[in-house]
Number of protein chains: 2
Amino acid sequence: MSKQALPVVDLHAVACCPPIAARPLDADQAAVVAPMFKALGDPVRLRLMSMIASVPEICVCDLTPAFDLSGPTVSHHLKVLRDAGLVDSERRGTWVWYRVRPEAFRRLGALLEIGHS
Amino acid sequence: MSKQALPVVDLHAVACCPPIAARPLDADQAAVVAPMFKALGDPVRLRLMSMIASVPEICVCDLTPAFDLSGPTVSHHLKVLRDAGLVDSERRGTWVWYRVRPEAFRRLGALLEIGHS
DNA sequence: GGGCTGCTTCGAAAACCATCTAGACAAGGA
DNA sequence: TCCTTGTCTAGATGGTTTTCGAAGCAGCCC
């Protein structure tokens, strides 16, 4: 949905990004970041994310057959990833294409770096 | 609980660790890793993890007062982190101390590195 | 237009989760 | 031994999540 209003997670609102091992996260930061981890906390979504991140972009029609799940279920999981700000989608003609939002992905990785303690 | 049998997640069972952006995760790998992300997908647990990771070790008695939650609720969240293999605990006299399992933490970080695609 | 295919949204059922209170257990001190 | 303090377990409850089938919308082709 390229015409969709705004991502549910505003990435600019995240106080930018010392690793969680560097100093304790405050409640506000945690409230912004936790939903991203939560979105990756389901095996189906983690695989979807991995399939999307492994290529520049990928069609839903190539994602759905990789799972033993109904179309609506896969679509739901993709929406969770979208709402978490982790991926973006765009309809082009008949098909809908998904791609990673690299800044979100990088942010998450940065949080898990080893703190300099 | 130092005397507790084994961590619920056997870290050695994780096929070790190309970033999820390098190639699609298979279902077995996803089933092992997703619970770790899921454990971090709650704001309370993310803050707990961050507090634990920021120091060599920390007493439950220092974790609980940081939240507006009952003791049992904090204890429950700590158990989720333990079961996910992310932290370890040990009773020493009156108090129970928690510390990060660095290998699990590093593994998670490695998964989120940018793939060489 | 009419019908087809791809994807999403809706609504409902079942499973799961966060939180609480009450109670149990462990260690230490009177 | 009994009492207190710190932590965990058990059980209950309300809220959320996963999943489905049915229905909707968007784009294509005849």
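Chain letters run A, B, ... following the sequence lines, proteins first, then strands; residues in each count from 1. Values below: every heavy atom of this structure, side chains too, minus hydrogens, waters and symmetry copies. The shown structure was predicted, so the numbers you read here are calculated from the model rather than taken from an experiment.
Atom CG of B:L78 is separated from atom P of C:dT19 by 12 Å (rounded to the nearest Å). One interatomic measurement links the two molecules: CG of B:L81 to P of C:dA18, which rounds to 11 Å at whole-angstrom precision. Here the P atom of nucleotide D:dT9 and the CG atom of B:D83 are 9 Å apart, to the nearest Å. Rounded to an integer number of Å, the gap from CH2 of B:W97 to P of D:dC8 is 13 Å. The distance from atom CD of A:E90 to atom P of D:dA26 is 17 Å, rounded to the nearest whole Å. Distance A:D62 CG to C:dG6 P: 11 Å, rounded to the nearest Å. Going from atom CZ of B:R91 over to atom P of C:dA27 covers 6 Å, rounded to whole Å.
In this structure a side-chain-to-backbone donor-acceptor pair under 3.5 Å is missing from B:S89 to B:Y98.
Comparing D:dT9, C:dC7, C:dA26 against the side chain of B:K79 picks out D:dT9 as the nearest. Minimum atom distance to the side chain of A:W95 is reached by C:dC7, of the listed D:dT7, C:dT8, C:dC7.
One finds a side-chain N or O of A:S75 lying less than 4.0 angstrom from the OP1 or OP2 phosphate oxygen of C:dT8. Contact annotation: A:Y98 side-chain N/O to C:dG6 OP1/OP2 distance is not under 4.0 Å.
By the 4.5 Å heavy-atom criterion applied to side chains, B:T73 and B:F67 are not counted as neighbours. Taking the side chain as every heavy atom from C-beta outward, B:D42 and B:H77 approach each other to under 4.5 Å. Side-chain contact between B:V33 and B:L108: present, with at least one pair of heavy atoms (C-beta onward) separated by less than 4.5 Å. Residues A:I20 and B:F105 are in side-chain contact: their nearest non-hydrogen atoms beyond the backbone lie under 4.5 Å apart.
Of all the heavy atoms in A:A30 and B:L46, the pair that sits closest is O-CD2, 4.1 Å.
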Readout for nucleotides 17-23 of chain D: B = base within 4.0 Å of protein heavy atom, S = sugar-phosphate only, - = neither; 5' to 3' it is SSBBBB-

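A:W97 contributes atom CH2, which lies 12.5 Å from atom CZ of A:R91 (distance to the nearest 0.5 angstrom).
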